[in-house]
Structure formats: structure tokens, C-alpha cells
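In what follows, chains are A, B, ... by sequence order, proteins preceding strands, each numbered from 1.
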Amino acid sequence: MSHWIILPVILPAIAASLLLLGLNKDQALERTVALTSTAAQFAVAVALTVAATQTPAEAYLLGNWPAPFGIVLVLDRLSAMMLLLTSALALFVLLYALGGWDKRGRHFHALFQFQLMGVNGAFLTGDVFNLFVFYEVLLIASYGLMVHGSGGERLKAGTHYVITNLTGSALFLIAVTMIYGVTGTLNMADLAVKVPQVAAGDQGLLQAGALLLLLVFGIKAALVPLHFWLPGTYAASSAPVAALFAIMTKVGAYSILRFYTLAFGADAGPATFVAGPWLLPAALVTMVIGMVGMLAARQLRWLVAFGVVGSMGTLLTGFSLFTAEALSAGMYYMLHSTFIAAGLFLLVEQISIRRGSDAVAPGSSFAGIGLTSSLFMAAAIAMAGLPPLSGFLGKLLILDAARDSGAMGWIWTLILVTSFLSIVAFARAGSLVFWKRGGDVAPESPTGPQPVLPLVATIGVLAMTALLSAFAGPVSGYLDETARQLMAPTDYIAAVLGADALASR
Amino acid sequence: MEFLMASGIGVMTAAGVYLLLRARTFPVIVGLTFLSYAVNAFIFAMGRLETEKPPILALKLAQYTDPLPQALVLTAIVIAFGMTAMAVVLVLRAYLEVDSDHVDGDSDNREGTGR
């Protein structure tokens, strides 16, 4: 299986280069290459996920340099699952974009592939500095995608987004080098060995570095108080780009999960789970801010964007407890929230094209209102966490996992209250948009049959949440095993450094 | 050397943060550049400050300085350079489109531009 591990990085890199080197002259060819590459990534991700269930963890040494010195990619259950999630989402988003969005600016497909390369790389890398490099790859592609289609509003939001993330990158480097200065290594498995051995006098520097890194991951994951960039960015982006960005917040969540269970996990001495006490209150506040923001949203895109903030809060609440059950529950909610957020962004654009605007205000009736309104209702049910869709199961799992926590009262109250708030927000938006008639008749609202491809892609993404709840048993079985692997990362360390490294731990 | 290095990083960071808070796109970009210089110097310092020792591992050398921060700085410089170029292009485009160099696009001096 060994060489397959690097394919999720190499495939999009080659495809993107080909697209830049002149294939973009011929649109049909360009689309074929993009689609082939994305489909191939999906196939590879499926193969890697199957492989990850059979072997505990597998390391891929680039250039065959031994682990703490060379660059290493690691495949385990978590990274395989994230690859699968990314490629499945990317496939749907690409199908949607083929409906016309890819023609509204230049190099959409090349940027899309570079974005996938960065995301896949971030999930696979076993080295903190390479995590930084892949972050930059995915960010620079996202800068291009964010302003795709252009327009003043988008450029304004893009400026904020770029400057926030460039500042975040500076902080990332400071945090990484602080940790390097104390431990002398940047390999995550090696860090897991070295962190417990750090002298008491250096603990301050080490923990400051670890928490600074939480700040950086928090920017990506839209954690309060670092969430300000997200609603504006997502609301201003084109629909397929916003849908693809649903995976970007999850890169932040993944990094938190990986870094603080591996390098600062159960055996890290004084720095054990250093992120937990900071992460929990921040996640709870994020949840409240997101759901209250949904109530205040005047446009459907802002409604969904704040919904993303709220769902990040919910899933990070799960992660912040750092128990196997809570991690498993958080990961289930992560799968759910990625698909539902992407699906809603796509659906909202479908609605606003037909309706002429996406304002949460009374408007005219429009063609295809029956289908879009039922989809909206299903998506709202899933996002708010009503049964029977996956949002309900995800929240239930998180509530169940919080039972033994000291903060159970807070967690239960806030999750239940914010779920109620998001139901109110969706009910208000749905009734204003679909039921109430008034205002001006939408000018030039298309009345013909809806374009098939975007609609199929939208339904496809939303159907993933139904699948997720239908196959909740096998999925949570996989996730329970993943959480167990995360809480006891001996397989991971042994795969990267060899079994001897564990003895010195 | 330690004092010079530490105060240099401190001054550059302070200047960078100040310029970032100016909320005008050109100062913001200069501020980001200052910040990335400070970060580069910081990375360098975290490999411990040494003089007259080469960053090469060789059998004949009794003493050498840590080569890894130098490799990291090189990567960080390249990335920061590329990102700055990208930010300049984006900000220029935003300026032409929105007709304001305020990061929020508010043109509190729009009368002055004559449009």
C-alpha cells in the first residue's frame, strides 16, 4: 500500500500543473482532466480507508530518509477518513461548478486542484512544519478561489480573509519554532516522545507554544474570538467555493485533534491535554455566537455561514473533552457538518438564482419552489439537529459523551438551547422565503426547467447526511476505533519512528 | 548579540503590528512584511545563536550550528515572499474595484478622490 499514500498529494499537483500548462484552452478537455483527477482521488481515498482499517498506521518516508530527519506522511484511520471526506465533497462541488461557475473566472479548475492538494497534504503530513507548508498551499489556492468571479464585495471580503490568514501564518511559525526551540524536533511522532521529557524550566515556553498553535488552528476552525473572518468570507464567495471551504474549517479542527492528542496527549507529562481547558469555553461561546448570528442574518448565505460557525463550536465542544467517546462523537458531527454546510451553500444559491435574491424577506413565488423548499426543510432539520437526520445523532452522541464531564451542565444547556435557536432561525427564514408573498416581483427570474447538474450535485451532498444516519452503526464503529487510536497513539509513533522509540517514552 | 537580536525582533514586531492596525492596505502590507522579517529572525534565533560555526554536519567539524532552522527560514522566506506578492495584487485589484484603500472598503475620503 506504501506508495499509494502520496497519491492524494501528487494527483492534484499533476492535474493542476497540466491545467495551467495550456489544457485550459479547451474547455471540454479541462473539465475532463479536473473531473478525472477528482474522481481518481476519491478512488484512492476509498482504497486508503480500506487499508487503514487493516493496518494500524503506516508511514511513508519521502526520499527514504529516516523519520525524525526526513519528511514523513502518515496514513492512519483519521487521515484516511479525512481524505475520503475531502474527495467526496470535492466531487460533488466540482459537479456543481461544472454547471457554469467554472467559466466565470480564470483558472478555476487549477486552483481547485491546488486547494485539494493542500488539504490532502495537511491531512497526511506527520510533521508540524510541513503542516504549515500545506496550510500555505491550501490558503494561496483559497485566496484565488475566494475572489473567483470577482466583484467589489468579494474583493473586500477577500482582503480581510487574506490579511487575517497571513497574520495567522506568522503566528504559526512563531509557535512552531518555540516548540522546536524547546524540544529540538518538529516531527509529530518524535514530539510525542520528546514532550514528556521537557525540563520543568522549559514547560512555560513549551505550553505557550502549544497554546499559540491552538490560536492558529482556531483561526482556521473559526473559533471565538477568531471567527470574524468566516461569515463575511463564506457569504461573499461563490456557492461552490463556499461549499468547498466547508472542508477548510475542518482542517483546523483536524489539526487540533491530531496535534493535541499526539504531541500533547495523555502521556505528555505536565503538558497533558494542554488545549482542553481553553478549548471548551471557546467552543461553547462559538456555538452561541454562531446560532445567535443565524437569528440575525438577513440573507440566506449569512444564515448558513453563521450556521457553520455554530457547528464548529458544537464539534469542538466534543473534541475539547479529550475522551475516546467525545472524540468519536465530535468526528461524527464533523462528517455531518461538512456535508450539510456544503449542501446548504449550494441549495441557497439554487434558491437565490430562481428567486432573484437570497434576502430573508417576503418575495415572489418562483418556479421549482416545491423541490427547493422541501430540500431546504430537510437540510434545516439536519443542521438544527432534529431527528431523523445525522445532525440529531451527532448532537446526541456529543451530549452522551459529555455525561461524565465536569462541565456537563454547561454543555447540555448550551447545546440544547442553541439547537432550539437554530430551529427558530431556520423556521423564520423558511417561512419568510417560501411562504410569505410580497415585495417586488423578481426581475428576470428564470422560469424554465432547472439545470440538472447543479441540482443533482446539491441533492447528492444533502443525501450524504441521510446516508450518514442510515449507516450510523458502521460509521460510528469506525470512529470509535479511530478515537481509540488517537487516545493511545502508540501505533502512530511505532509506524513513524519504529518500535524502539516507544521504549524511551 | 542576544540583546541586539531580541530587541530587533521586538521592534520589527511592534512596527508590524502598528502598521497592521492602520487599516490602510499599503501600510498593512508593509506591516505584514515587517512581521514576516521578525518571524524569520525569530526562527533563526530558536536554533540558538552561534557565531563562526557552519550549519553543516561533517565528520571533521567539531562544532557546528543547527542547520534545520536555516532550512526552515529559507522555506518561510519563500512562502512569505509569495504571499506578499499575492496580497499586493489582490489589494491593488480591490483598490481599483472599490475605489478606496481602507481595508473595509469604506472611503472616508472619497470626496478627495474626485469621484
Closest heavy-atom contact between I140(A) and G82(B)? CD1-O, 4.5 Å
Between N40(B) and chain A, with a heavy-atom cut-off of 4.5 Å, which part of the residue counts as in contact: side chain, backbone, both or neither? neither
Does CG belonging to L21(B) count more than 12 external heavy atoms closer than 6.0 Å? yes
Side chain, backbone, both or neither: which part of L171(A) has a heavy atom under 4.5 Å from chain B? neither
What distance separates R154(A) CZ from R93(B) CZ, expressed to the nearest 0.5 Å? 11.0 Å
Flag if over 12 foreign heavy atoms under 6.0 Å of CZ, F129(A): yes
Is M86(B) in contact with chain A via its backbone, its side chain, both, or neither, using a 4.5 Å heavy-atom distance? side chain
Using the side chain to side chain contact (heavy atoms under 4.5 Å, CB included) definition, which of the options L20(B), I29(B), L90(B) pairs with I163(A)? L20(B)
Most contact-rich option vs chain A, by heavy-atom pairs under 4.5 angstrom, among L32(B), V91(B), L35(B), is L32(B)
Counting only non-hydrogen atoms closer than 4.5 Å, does Y180(A) touch chain B with its backbone (N, CA, C, O), its side chain (CB onward), both, or neither? side chain
Looking at every non-hydrogen atom in both residues, tell me the closest pair between M46(B) and M178(A) and how far apart they are. CE-CA, 3.6 Å
Where is the tightest heavy-atom contact between A170(A) and V39(B), given as atom of each residue plus distance? O-CG2, 3.7 Å
Which answer fits F132(A), side chain, backbone, both or neither, if we ask what part of it has an atom under 4.5 Å from a heavy atom of chain B? side chain
Residue from V176(A), T177(A), I174(A) passing side chain to side chain contact (heavy atoms under 4.5 Å, CB included) with I43(B): T177(A)
With a 4.5 Å cut-off on side-chain heavy atoms, are L72(B) and L186(A) touching? yes
CZ/F34(B): more than 12 non-hydrogen atoms of other groups inside 6.0 Å: no
